[in-house]
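For the numbers below, each heavy atom of this structure counts, side chains included, while hydrogens, waters and symmetry mates do not. Letters A, B, ... are given to chains in the order of the sequence lines, protein chains preceding strands, and every chain is numbered from 1.
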Amino acid sequence: MRLSQLFFASLRDDPADAEMASHRLLIRAGYVRQIGSGIYSLLPLGWRVTRRVEQVIREEMDRIGCQEMEMPVVQPADLWRESGRYQKIGPELLRFKDRTGRDMVLAMTHEEVVASLLHDLVSSYRQLPLLIYHIQTKFRDEPRSRGGLIRVREFVMKDSYSCDLDTAGLDHSYQLHYEAYTRIFGRLGLDAIVVGADVGIMGGSLAHEFMVLNEWGEDTLVLCERGDYAANQQIAMVGKPEPPNEEPMATEEVATPGAATIADLARVLEIGADRTAKATFFVTGDGRLLTVITRGDYEVSETKLANAVKAYSLRPAQAEEIRAAGMVPGYASPIGAHDTVVIVDDLVARSPNLVAGANREGFHLRNVNVGRDFSPDMVTDVVNARNGDPCPKCGAAVALRNGIEVGNIFKLGTDFSIPMGATYLGEDGERHPIVMGSYGIGVGRNVACIVEAHHDQKGIVWPAEVAPYPAHLVTIAAAKEPRIAEEADGLYARLKDAGVEVLYDDRDESPGVKFTDAELLGMPLIVTLSPRSLAAGGVEVTVRATGERSVKPIAELEAQLRTAATG
RNA sequence: CGGGGCGUAGCGCAGCCUGGUAGCGCACCUGCUUUGGGAGCAGGAGGCCGCCGGUUCGAAUCCGGCCGCCCCGACCA
């Protein structure tokens, strides 16, 4: 591609709203342009990288026998009513009506369509197992997009679906994906770590996320320092301290004016936050008020909580709702409360003589004991793992790190096949639900993560596997020395004939501009053709990643690029 | 949805407080010079100053409403 013809513009200044390196560089180098919040156009360079990433994914999916197909983005809402997600999913599912007033949605994923197709096409156990995938645009109306290209509303995703006879088959399909994903991220130059993940309220039995560590990541990961445990904080189960061994003592009201927070309470009473019981309040999507009791030095995990009470959504409760249940915000405890579901963290249930709210403005109770002073509706682990907590496997400290989810694998089970009637007739003559799995990779997010991992002060440094072009040919003084343009044109044309497309900066720009752009754009090799290089014997080849330079005959470079392309 | 910030040429910004012909750098066009690290000279083009309304003789500037974008939080198969 001749740079003089390429639909692109590089920018000298950083765009004002880009903070992440990937966002800043992809805009500056002319790969993408923002159209709206969380909505981007891919310019030719960006599209080329995207297709190369897709190609890696495609090859590895094909390798495990996954068949590529294509399913629609716009879908009738009825399909989503059948699975129940139309009702359960919030406003991130974009709903609209077509001209006849029929309810439609923009798909976020394609479990419904797959299940519906299975219903139509699969009737016998002989047709299973089956692996299918497509690479396609998704839309999720995120409340707030952020982090440049990491969290967007419209994005391209590879989603695949496994369809098996039974859970043993699902285990195998899951394992195939696990291995394929490991190869994919390796080829993309991403250091992805695998963490245990939330299976969500839709059910399912097991899920893993492939994560790239990044300070801008929106997921918090819990990682054992010895490498024995890795999980998304949403579900991470870590060890908890042993509570003091004390006999329960008589409760005692104590004045704590103005101490409406745990920090104030601990200061006023001169005790540790670990001797307090904190009450936090949520309302479920179906209207239940949850009173959650954790120790004062822990935070509630909303994911664990939602799973424990089987809630599709949670929101913080309003002060009025808390009062209506007989509690006083700031000084609340379940003692004397009514019309609320009381969930107690297991550590609190084992801890004697905590300080809890007295449900009276300005007062707390000492020596509160779960079971004696109030009865929980449920006792379970509902807190977030903390930095330094013990690893559940080996007891070493865990660290909290931010990560970006580049892929996930998920055992769905029969959560879609049963409601959608995706069944097969078994060898036993009985009808069975198809056992499904679902597996995603966000393509655009991977492109951004590759740039995050592969850039320097000057610009992008593409790994050869995904670079839009293998080399960036730069001419110097071509306007003045006709020989330069002739040699470059010839090299470019011969490579093109051989099926090797390089980026050719044929613009009449000063050397500084051309070198700066070449480094910004990030092709693996920068090939300079100038009077000086010709005098030295050919072209000067700079390896973008290392800065290493060498001069070689034009024919040698040509052969090298042709070999790399076919190799 | 809550808090904060911003909206002036393709990009980065000044002007606004204190109302009076819309500016700067880069990019762009023409000509000449220049050609190994963001060139020089000369000339030129490009603006519903986010939108609507109000105040005023006069609004980019003051007032009100709305929209959009960014950041933090809430949220997040």
Indicate, with a heavy-atom threshold strictly under 4.0 Å, whether [X] touches base, sugar-phosphate, or nothing.
X	answer
A:Ser533	base
A:Ala479	base
A:Pro531	nothing
A:Asn408	nothing
A:Glu92	nothing
A:Arg151	base

Across all strands shown, which nucleotide pairs with [N] by Watson-Crick or G-U wobble geometry, both distances under 3.5 Å?
N	result
B:rC69	B:rG5
B:rA74	none
B:rA22	none
B:rA45	none
B:rU61	none
B:rG36	none
B:rA14	none

Indicate yes or no: does A:Arg323 engage A:Glu320 in a salt bridge with an N to O separation below 4.0 Å.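 A salt bridge is present here (some side-chain N lies under 4.0 Å from a carboxylate O).
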Under 4.0 Å between a side-chain nitrogen and a carboxylate oxygen: does that hold for A:Arg81 and A:Asp78?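 Answer for the salt bridge query: yes.
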Does the pair A:Phe139 and A:Val73 meet the rule for a side chain to side chain contact (heavy atoms under 4.5 Å, CB included), with working shown? CA-CA 8 Å; A:Phe139 191 89; A:Val73 200; 5.7 Å; no
Using atom [atom1] in both nucleotides, what's the gap between [N] and [M] to the nearest angstrom?
N	M	atom1	answer
B:rC57	B:rG73	P	49 Å
B:rA14	B:rA9	C1'	14 Å
B:rA42	B:rU34	C1'	15 Å
B:rG31	B:rC69	C1'	41 Å
B:rG25	B:rG64	P	35 Å
B:rC16	B:rU8	C1'	11 Å
B:rU18	B:rC62	C1'	11 Å
B:rA60	B:rG23	C1'	12 Å

Atom pairs under 3.5 Å, N or O on each side, protein against nucleotides 1-4 of chain B: can you list them with distances?
none

Protein-nucleotide distance ([X], atom [atom1]; [N], atom [atom2]), rounded to Å:
X	N	atom1	atom2	result
A:Lys138	B:rA77	NZ	P	17 Å
A:Glu481	B:rU34	CD	P	12 Å
A:Ile27	B:rA27	CD1	C1'	17 Å
A:Leu314	B:rC75	CG	C1'	11 Å
A:Tyr161	B:rA77	OH	C1'	10 Å
A:Met20	B:rC71	CE	C1'	14 Å
A:Asn402	B:rC72	CG	P	12 Å

Check: protein-nucleotides 23-25 of chain B nitrogen or oxygen pairs below 3.5 Å:
{"from": "B:rG25", "atom 1": "N2", "to": "A:Asp13", "atom 2": "OD2", "distance (Å)": "3.2"}

Applying side-chain hydrogen bond (donor to acceptor under 3.5 Å, both in side chains), name anything that partners [X], two or more places apart in sequence or on another chain.
X	answer
A:Tyr229	none
A:Asp297	A:Arg295, A:Arg386
A:Asn232	A:Glu209, A:Asp219
A:Ser550	none

Is there a donor-acceptor pair under 3.5 Å between the side chain of A:Gln136 and the backbone N or O of A:Met71?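 Judged by distance alone, yes, a pair lies under 3.5 Å.
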Check whether A:Gln75 reaches the backbone of A:Pro72 with its side chain - one donor and one acceptor, N or O, closer than 3.5 Å.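 Side chain of A:Gln75 to backbone of A:Pro72, a donor-acceptor pair under 3.5 Å: yes, one is there.
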Along nucleotides 37-46 of chain B, 5' to 3', which nucleotides get a B, which get an S, and which get a -, given that the test is a protein heavy-atom distance under 4.0 Å? BBS-------
Under the rule for side chain to side chain contact (heavy atoms under 4.5 Å, CB included), what residues qualify as partners of [X], not counting sequence neighbours?
X	answer
A:Val74	A:Phe96, A:Met104, A:Leu106
A:Ser301	A:Thr303, A:Lys304, A:Asn384
A:Arg315	A:Val283, A:Gln318, A:Glu321

Decide side chain to side chain contact (heavy atoms under 4.5 Å, CB included) for A:Phe515 and A:Lys458; before the verdict, give the C-alpha distance in whole Å, the side-chain angles of both, and the deciding distance to 0.1 Å. CA-CA 10 Å; A:Phe515 287 137; A:Lys458 295 173 171 177; over 6 Å; no
Closest nucleotide of RNA chain B for A:Arg315 versus for A:Ala477: which of these residues is on the 5' side?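 This one resolves to A:Ala477.
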Find which nucleotide of RNA chain B each of A:Thr528 and A:Glu218 is nearest to by heavy atoms, and output the residue with the more 5' nucleotide.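 Counting from the 5' end, the first nearest nucleotide belongs to A:Thr528.
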To the nearest 0.5 Å, how far apart are CG in A:Leu170 and CG in A:Leu412?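 Here the rounded value is 8.0 Å.
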I need the A:His455 NE2 to A:Arg24 CZ distance, nearest 0.5 Å.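 Taking NE2 in A:His455 and CZ in A:Arg24, the distance rounds to 6.5 Å.
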Tell me if the centroids of the rings in A:Tyr161 and A:Phe410 come within less than 6.0 Å of each other.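 Between A:Tyr161 and A:Phe410, the centre distance exceeds or equals 6.0 Å.
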Could you go over nucleotides 67-70 of chain B and give all protein N or O partners under 3.5 Å, atom names and distances?
{"from": "B:rC69", "atom 1": "OP1", "to": "A:Ser37", "atom 2": "N", "distance (Å)": "2.8"}
{"from": "B:rC69", "atom 1": "O3'", "to": "A:Gln34", "atom 2": "NE2", "distance (Å)": "3.3"}
{"from": "B:rC69", "atom 1": "O2'", "to": "A:Asp17", "atom 2": "OD2", "distance (Å)": "3.3"}
{"from": "B:rC70", "atom 1": "OP1", "to": "A:Gln34", "atom 2": "NE2", "distance (Å)": "2.8"}
{"from": "B:rC70", "atom 1": "OP2", "to": "A:Ser37", "atom 2": "OG", "distance (Å)": "2.9"}

List, one per line, each side-chain donor-acceptor pair under 3.5 Å for residues 26-33 of chain A, sequence neighbours excluded.
{"from": "A:Arg28", "atom 1": "NE", "to": "A:Leu11", "atom 2": "O", "distance (Å)": "3.0"}
{"from": "A:Arg28", "atom 1": "NH1", "to": "A:Asp14", "atom 2": "OD1", "distance (Å)": "3.4"}
{"from": "A:Tyr31", "atom 1": "OH", "to": "A:Trp462", "atom 2": "NE1", "distance (Å)": "2.8"}
{"from": "A:Tyr31", "atom 1": "OH", "to": "A:Leu521", "atom 2": "O", "distance (Å)": "2.6"}

